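Quick caveat, the model's predicted, so the values are computed rather than measured. Computed from heavy atoms alone, side chains included, the values below leave out hydrogens, waters and symmetry copies.
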Amino acid sequence: LIGNSYTSSNTLNQKVERILDDSGINSDVEAVTGGGMKLSDHADDADQQGNELNTKLSERYDYVVLQDQSQVPSFPTDSEFWIESNNAVEDLNERIISEGGQTILFMTWGRKDGDANNALRNPDYLTMQLHLQQGYEMYLENSTTDEKPIFLAPVGLAYKNLYHKVNQTGVDPTQGSNSFSTLYPTLKYTR
């Protein structure tokens, strides 16, 4: 798993490994993360000899999961950060395939109350989730080919589904304690 605090704070590598092992698949799920890291940062690291990510990628994993910084995929496609991440997906996918693996994009979830640092673009959860979904889908569309496929793990859409289930009961999913809002209590956003 290549990502940032969304991956490391939630110890996703350990949880995924446990799920796979419990299902009878012997696995070794490792993580290379850093708070606030963008995929472009990881792509730079992957090119540096001796860097942890460069070394890990040469270990020929079957699957490599890419998780971008929590805001970047939601940015307009002409923004510098979005373009850099889009290019990083292509570069990292090339490297992963050259090492015999397959790439999976980990679609993140919107922030419960939107993105205060980008309030015009992402004023609330649903708007941010839509922009994240569009961003990840465009990363996929721009980099996948029949010869070099990329897959998408739509984690953010699971959050969205839960948001709508709570909302259908007449409760504001972002307020109080409910099955949607309790997904957020310990998560810290790193810029």
Note to self: I'd like to know if the side chain of Thr144 reaches the main chain of Leu140, judged simply by a donor and an acceptor atom lying under 3.5 Å from each other, with no hydrogens or angles considered.
What the structure shows: no
Next item on the list: Give a yes-or-no answer on whether the side chains of Asn122 and Ser74 include a donor-acceptor pair shorter than 3.5 Å.
Entry: yes
Margin query: Any side-chain to backbone donor/acceptor pair from Glu17 onto Val29? Under 3.5 Å, distance only.
Written below: yes
Check: Between Glu52 and Lys56, is there a salt bridge with N-O shorter than 4.0 Å?
Finding: no
Checklist line | Smallest separation among heavy atoms of Asn54 and Asp47, with atom names | finding: ND2-C, 4.0 Å
Note to self: Pairing donors with acceptors under 3.5 angstrom, does anything connect the side chains of Ser27 and Asp21?
What the structure shows: yes
Notebook entry, point to check: So does Lys165 have more than 12 non-hydrogen atoms from other groups sitting under 6.0 Å from NZ?
Noted result: no
Check: Taking atom types as modelled and ignoring hydrogens, do the side chains of Asn4 and Gln67 form a donor-acceptor contact shorter than 3.5 angstrom?
Finding: yes
Margin query: Would you say the rings of Tyr184 and Tyr159 are close, in the sense that their centroids are separated by under 6.0 Å?
Written below: yes
Notebook entry, point to check: Is the backbone of Asp124 close enough, under 3.5 Å, to the side chain of Thr127 for a donor and an acceptor to pair up by distance?
Noted result: no
Next item on the list: Examine the side chains of Gln133 and Glu137 and answer whether a donor and an acceptor come within less than 3.5 Å of each other.
Entry: yes
Checklist line | Tyr139 and its side-chain hydrogen bond (donor to acceptor under 3.5 Å, both in side chains) partner, picked from Asn86, Asp68, Asn87 | finding: Asp68
Notebook entry, point to check: Is Asn178 reaching over with its side chain to a backbone N or O of Ser181, donor-acceptor style, under 3.5 angstrom?
Noted result: yes
Next item on the list: Indicate the ring-plane relationship of Phe81 and Phe75, choosing parallel, tilted or perpendicular according to the 30° and 60° boundaries.
Entry: tilted
Next item on the list: Could you tell me whether a side-chain N or O of Gln48 sits under 3.5 Å from a main-chain N or O of Asn51, the two making a donor and an acceptor?
Entry: no
Check: Just checking, is any N or O donor in the side chain of Tyr61 or Glu30 under 3.5 Å from an acceptor N or O on the other one?
Finding: yes
Notebook entry, point to check: Between the side chain of Asp41 and the main-chain N/O of Lys38, is any donor-acceptor distance below 3.5 Å?
Noted result: yes
